[in-house]
Colleague: 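Here's a structure for you.
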Amino acid sequence: MMKKTNVKEIGTTSADPMEAHITGNGLPQIVIPEMLEPVETPDPFTVIDVRNPMRKPSGIICEVKFASKDKYLTFLARPDDVELHGQQIYRDCDEGVWGDVPNYVPSEEELLVEAENKRSEALTEAGTKISDYQDLIDVGEATGADAAMQKEWKKYRIAVTRVPSQSGYPGSIDWPVKPE
């Protein structure tokens with residue numbers, strides 16, 4: 001069976017003998033195969049599979065197999081993702097399409113790092129406030145309210161310093177309230 005083709009006459013011959021044919025009247029012809037039906041290219045973000053979803057404060061972390069990739073990729077799906085496929089993966093995981101989504105439970109080490117970072121930031125802020133009020137006191141421009149605020153920030157700094165001595169530290173912390 002021969003493939004159906006369209007034939008178009010042209011005025012010159014082709015260097016490729018498969019393209020050019022000389023007809024009985026001596027004019028060259030090029031045989032052009034009919035256009036094939038366009039092949040739909042799959043969306044590279046088509047989700048083939050999702051595994052190991054886990055809910056974290058920042059979204060749902062999971063492993064996603066996209067149509068365009070040979071392996072699973074670690075993916076953070078968020079409801080407010082700028083990409084539609086990220087939003088869809090989040091919705092599907094949230095609705096249980098890919099199985100149960102347990103809440104992430106941080107390790108003791110992760111809790112400790114997070115607590116120490118928060119404690120360090122709080123101590124830095126308190127030190128800055130105390131220093132600012134001390135400057136006002138040193139140059140004689142502090143009001144009674146300024147001196148009282150400096151004292152409140154010092155109490156706060158002491159309370160933050162004592163946070164690691166709490167019985168539930170670092171898993172359960174009663175953080176001191178900043179002065180206002």
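Residue numbers start at 1 and run along the sequence shown. Treat the numbers as computed from the prediction; the structure is a model and nothing was measured.
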Colleague: Checking side-chain polar atoms at under 3.5 Å, does Thr143 have a donor or acceptor matched by the opposite partner on Asp146?
Modeller: yes
Colleague: With a 4.5 Å cut-off on side-chain heavy atoms, are Glu125 and Thr128 touching?
Modeller: no
Colleague: Keeping the roles fixed (side chain from Arg78, backbone from Gly86), state whether a donor-acceptor pair exists under 3.5 Å.
Modeller: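 The answer is no, because no donor-acceptor pair under 3.5 Å joins these two groups.
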Colleague: When rounded to the nearest 0.5 angstrom, what distance separates CD1 in Ile173 from OG in Ser167?
Modeller: 11.0 Å
Colleague: Does a side-chain heavy-atom distance below 4.5 Å link Ile61 with Thr74?
Modeller: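 The answer is yes, as the side chains (C-beta and beyond) meet within the 4.5 Å cut-off.
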Colleague: Does atom CD of Glu114 have more than 12 heavy-atom neighbours, drawn from other residues, nucleotides or ligands, at distances under 6.0 Å?
Modeller: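 Count not over threshold, so no.
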Colleague: Please enumerate all residues that pass side chain to side chain donor-acceptor pair (under 3.5 Å) together with Asn103, with sequence neighbours excluded.
Modeller: none
Colleague: With a 4.5 Å heavy-atom cut-off, do Glu108 and Pro170 have their side chains touching?
Modeller: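 Glu108 reaches Pro170 side chain to side chain.
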Colleague: Going only through I, L, V, M, F, W and Y residues with side-chain contacts under 4.5 Å, is there a path from Val113 to Leu123?
Modeller: no
Colleague: Linking Ile, Leu, Val, Met, Phe, Trp and Tyr through side-chain heavy atoms less than 4.5 Å apart, which residues share a cluster with Val47?
Modeller: Phe45, Val50, Val64, Phe66, Leu73, Phe75, Ile89, Val97, Trp98
Colleague: If I take atom NZ from residue Lys154 and atom CD from residue Gln134, how far apart are they, to the nearest 0.5 angstrom?
Modeller: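 Going from NZ on Lys154 over to CD on Gln134, the span is 6.0 Å.
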Colleague: Hey, is CZ on Arg51 packed in by over 12 heavy atoms from elsewhere, all under 6.0 Å?
Modeller: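 Buried by this count: over 12 neighbours within 6.0 Å.
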Colleague: Shared ILVMFWY cluster between Leu111 and Val163, side chains joined below 4.5 angstrom?
Modeller: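 Shared cluster, no.
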Colleague: Taking CG in Asn117 as the centre, count heavy atoms belonging to other residues, nucleotides or ligands within less than 6.0 Å. Is the count above 12?
Modeller: yes
Colleague: Going from CG on Asp49 to NZ on Lys65, what distance comes out if it is rounded to the nearest 0.5 angstrom?
Modeller: 9.0 Å
Colleague: For Ala122 versus Tyr156, what's the shortest heavy-atom pair and its separation?
Modeller: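 Distance-wise, the nearest heavy atoms are CB-OH, 3.4 Å.
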Colleague: Asp94 versus Arg55: any side-chain heavy-atom pair under 4.5 Å?
Modeller: yes
Colleague: Looking at Arg119 and Glu116, is any side-chain nitrogen of the basic one under 4.0 Å from a carboxylate oxygen of the acidic one?
Modeller: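 Yes.
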Colleague: List the atom of Ala115, the atom of Trp175, and the distance in Å for their closest heavy-atom pair.
Modeller: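 For Ala115 versus Trp175, the nearest heavy atoms are O-CH2, 3.6 Å.
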Colleague: Nearest 0.5 Å, what's the NZ-CD distance between Lys118 and Glu121?
Modeller: 9.0 Å
Colleague: Between atom OG1 of Thr124 and atom CZ of Arg157, what is the distance when rounded to the nearest 0.5 Å?
Modeller: 10.5 Å
Colleague: If I take atom CG from residue Leu76 and atom OH from residue Tyr90, how far apart are they, to the nearest 0.5 angstrom?
Modeller: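 One finds 10.0 Å between CG of Leu76 and OH of Tyr90.
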Colleague: Is any side-chain heavy atom of Tyr133 closer than 4.5 Å to one of Lys151?
Modeller: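 The answer is no, as the side chains (C-beta and beyond) never meet within the 4.5 Å cut-off.
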Colleague: Within the distance-only criterion (no hydrogens, no angle test), does the side chain of Asp81 pair as donor or acceptor with the backbone N or O of Glu83 below 3.5 angstrom?
Modeller: yes
Colleague: Which pair of heavy atoms, one from Pro102 and one from Pro53, lies closest together, and at what distance?
Modeller: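 Smallest heavy-atom distance, with atoms named: CD-O, 3.3 Å.
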